[in-house]
Amino acid sequence: MDQLLMIKYGELTTKKANRNTFITLLTNNIKNILKEYQITIQKDRVRMYISCNTKDCDAIVSKLQKVFGIHGIVICHKVNTNIEDIEVKILELLQDQSYQTFKVETKRADKRFPISSMEFNNIIGGFVLKNTSLKVDVHHPDVRIHIEIRNEGTFIYTNEIRGNGGYPVGVQGKGLLMLSGGIDSPVAGYLSLKRGIDLECLYFESPPHTSVEAKNKVIELASIINQYSGNIKVNVIPFTKIQEEIYKNVPDSYIITIMRRMMYRIAERVCSLHKCKVIINGESVGQVASQTLDSMVVINSVTNLPVIRPVACLDKLEIIEIAKKINTYETSILPYEDCCTIFLPKHPVIYPKMEKAICYENLFAYENLIEEAIQHMETITKFEKETSSYL
Ligand code: ATP
Ligand code: MG
């Protein structure tokens, strides 16, 4: 345990009343994501300190950069609160660096220390000027030397690594993400996690029309966004019979409308079974026929649950940019067909009518099929690829 990381909390510090809940949740999430490492955590209302082995430090920092609720990560060095120890450590930190200018920023939380922050800035500034070739620049220094004088000792650090911001995952409870193999829904999942929503995923598969590779792709996407959570499950719904019945009974132009109404109905049922408060998906206004406002009205009307669409108002290019940033893009563009594309009609209705949708879907006994599909739902908690083929 020879390295100390200081964690600066994200947006949660503004939520005074809930602060303890936030911090407890963040601590649990951090413990969960770092469970393979030997660490100890100490925390107060302003900061969290993680002690770890120096050899693990880089790997831990990169994992922490994915945890929501963290504003900044600082690799810091604890010394006894006396000028000599502080000066020695600062010289050590500045050694072999290519900085030309610096600024000292002292925070004196421990008022027993007799020197004011301003005065201490000057003392240490003078020391650095005398012992190095660095010059002072108070506006745009190459390096800021932070000195935090606290009750438990003095913490010295230079650069702060940016955290991912957002709220600790779980602070809002759980949502059900309709996760396909496309570009949009993993991004929608990531954005929901960022606002503190814990996720379960729901994937509709239609073997043999969709392949095991398509399912593996979804599992892979779930495992990528799970790096931001550590807690994600994937529920897989066998959708073949429902899709085939739709295909047999419903006029072509309404196939997608009805299919999506079935998906929403199933999602609502899974929400109630798995205690999810909302449905989340990757719909984006106007992107395809089923995502016009008129389509959304007809499709959404089968559920009373709120449906969150984090990418609703983003352009495809903006969604792609996030997908690249979170590393889902390369997996999303693998060419395995999804159930939505396999049964895609030539001319899907853009302005569906509610009465028609209801009339067409009553042409087959969908309630029983939904019940059966839910009974055969598979829940995946470990993200290992399946090798067997459906065929
Ligand atoms: P693309 O990036 O190609 O648009 P997509 O997954 O967003 O892929 P859409 O047809 O736009 O595909 O579907 C809209 C949304 O519906 C998806 O973002 C996803 O939330 C949900 N969805 C579609 N197909 C499935 C599926 N097979 N299983 C679960 N959810 C699905
Ligand atoms: Mg889409």
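In this text, all values refer to a predicted model and were calculated from it rather than measured experimentally.
Using modelled atom types, one finds a donor on one side chain and an acceptor on the other under 3.5 Å when comparing Thr81 with Thr154. Neither side chain, Arg19 nor Tyr9, offers a donor N or O lying under 3.5 Å from an acceptor on the other. Defined by atom type and a distance below 3.5 Å, a donor-acceptor pair is present between the side-chain atoms of Asn32 and Lys35.
Under a hydrophobic clustering in which Ile, Leu, Val, Met, Phe, Trp and Tyr are joined whenever their side-chain heavy atoms come within less than 4.5 Å, directly or via other members, Tyr360 and Tyr264 fall into the same cluster. The hydrophobic clustering, which links ILVMFWY residues whose side-chain heavy atoms are closer than 4.5 Å, places Ile279 and Val298 apart. Cluster annotation: Val138 is connected to Phe127 through the hydrophobic network of ILVMFWY side chains, with a link wherever side-chain heavy atoms come within less than 4.5 Å. Side-chain heavy atoms closer than 4.5 Å link hydrophobic residues (I, L, V, M, F, W, Y) into clusters, and following such links, possibly through other members, connects Ile161 to Leu34.
The closest donor-acceptor contact from the side chain of Asn226 to the backbone of Ile232 lies under 3.5 Å. When atom types are taken as modelled, the side chain of Lys66 and the backbone of Gln227 share no donor-acceptor pair closer than 3.5 angstrom. Looking only at distances, a side-chain donor or acceptor of Asp137 sits under 3.5 Å from a matching main-chain atom of His140. With Gln42 contributing its side chain and Tyr49 its backbone, the two residues share no donor-acceptor pair below 3.5 Å.
Residue Lys8 qualifies as enclosed at atom NZ: its count of foreign heavy atoms under 6.0 Å is above 12. Within 6.0 Å of CG in Asn362 there are more than 12 heavy atoms belonging to other residues, nucleotides or ligands. Within 6.0 Å of the CD atom in Glu152, the count of heavy atoms belonging to other residues, nucleotides or ligands exceeds 12. Residue Lys275 qualifies as open at atom NZ: its count of foreign heavy atoms under 6.0 Å is 12 or below. Within 6.0 Å of NE2 on His71 lie no more than 12 heavy atoms contributed by other residues, nucleotides or ligands.
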For Arg309 and Asn300: C-alpha separation, side-chain torsions, deciding distance, then whether side chain to side chain contact (heavy atoms under 4.5 Å, CB included) applies. CA-CA 12 Å; Arg309 300 173 175 86; Asn300 206 151; 3.0 Å; yes
Carefully, step by step, assess Arg108 and Phe120 under the rule side chain to side chain contact (heavy atoms under 4.5 Å, CB included). CA-CA 9 Å; Arg108 186 179 56 135; Phe120 204 60; over 6 Å; no
Please report the C-alpha distance between Tyr228 and Ile326 in whole Å, then the side-chain angles of each, then the deciding distance to 0.1 Å, and finally whether the side chain to side chain contact (heavy atoms under 4.5 Å, CB included) criterion is met. CA-CA 10 Å; Tyr228 301 89; Ile326 64 171; 3.8 Å; yes
Full working for side chain to side chain contact (heavy atoms under 4.5 Å, CB included) between Phe155 and Arg47: CA-CA 12 Å; Phe155 293 92; Arg47 299 266 196 273; over 6 Å; no
Determine, step by step, whether Ser206 and Gln243 satisfy the side-chain hydrogen bond (donor to acceptor under 3.5 Å, both in side chains) criterion, reporting the C-alpha distance in whole Å, the side-chain angles of both residues, the deciding distance to 0.1 Å, and the verdict. CA-CA 8 Å; Ser206 295; Gln243 271 201 295; 2.3 Å; yes
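Between Pro186 and Ile224, every side-chain heavy-atom pair lies at or beyond the 4.5 Å cut-off. Residues Ile90 and Asn131 have side chains not in contact (no heavy-atom distance under 4.5 Å, counting atoms from C-beta outward). Side-chain contact between Arg144 and Glu160: absent, with no pair of heavy atoms (C-beta onward) separated by less than 4.5 Å. Looking only at side-chain heavy atoms (C-beta outward), Ile73 and Gln65 come within less than 4.5 Å of each other. The side-chain heavy atoms of Ile83 and Ile86, taken from C-beta on, include no pair separated by under 4.5 Å. Contact check for Ile124 versus Glu87: side-chain heavy atoms found under the 4.5 Å cut-off. Contact annotation: the side chain of Lys63 approaches that of Tyr37 to within less than 4.5 Å [non-hydrogen atoms, C-beta and beyond]. The closest side-chain heavy-atom distance from Thr132 to Phe102 is not below 4.5 Å.
Atom CD of Gln95 is separated from atom CD of Gln97 by 9.5 Å, given to the nearest 0.5 angstrom. Here Thr331 contributes atom OG1 and Ile219 contributes atom CD1; the two are 12.5 Å apart, rounded to the nearest 0.5 Å. Remark: Ile320 CD1 to Ile183 CD1 distance equals 4.5 Å, nearest 0.5 Å. Going from atom CG of Leu177 over to atom CG of Asp198 covers 12.0 Å, rounded to the nearest 0.5 Å. With values rounded to the nearest 0.5 angstrom, Lys353 atom NZ is found 11.0 Å from Thr257 atom OG1. Here the OG atom belonging to Ser192 is positioned 9.5 Å from the CG atom belonging to Asn281, to the nearest 0.5 angstrom.
The shortest non-hydrogen separation linking Ile350 to Thr292 is O-OG1, 2.8 Å. The heavy-atom pair separating Ile299 from Ser290 by the smallest distance is CD1-O, 3.6 Å. Smallest separation of non-hydrogen atoms from Leu193 and Ser229: CD2-CB, 3.8 Å. When all heavy atoms of Ile246 and Ile255 are compared, the pair lying nearest together is CG2-O, 3.8 Å. Here the closest heavy-atom approach between residue Cys313 and residue Glu318 is recorded as O-OE1, 4.4 Å. Shortest non-hydrogen contact noted between Thr240 and Pro207 is OG1-O, 2.8 Å.
Taking the six-membered ring where the residue is Trp, Tyr157 and His146 present parallel rings, their angle staying beneath 30° rather than reaching 60°.
A salt bridge links Arg150 to Glu148: one of the charged nitrogens lies within less than 4.0 Å of a carboxylate oxygen. A salt bridge links Glu245 to Lys248: at least one charged side-chain nitrogen sits closer than 4.0 Å to a carboxylate oxygen. A salt bridge links Lys215 with Glu378: the closest approach of a Lys/Arg side-chain nitrogen to an acidic carboxylate oxygen falls below 4.0 angstrom. A salt bridge is absent between Arg265 and Glu367; no separation between the charged side-chain nitrogens and carboxylate oxygens falls under 4.0 Å. In summary, Glu92 and Lys89 engage in a salt bridge, as defined by a charged side-chain N under 4.0 Å from a carboxylate O. In this structure, Lys316 pairs ionically with Asp184, as a charged nitrogen and a carboxylate oxygen lie closer than 4.0 Å.
Of the options Thr101, Asp142, Val143, Leu129, a side chain to side chain contact (heavy atoms under 4.5 Å, CB included) to Leu134 is made by Val143 and by none of the others.
Cation-pi geometry between Lys194 and Phe68 is not met at under 6.0 angstrom from the ring centre and within 45 degrees of the axis.
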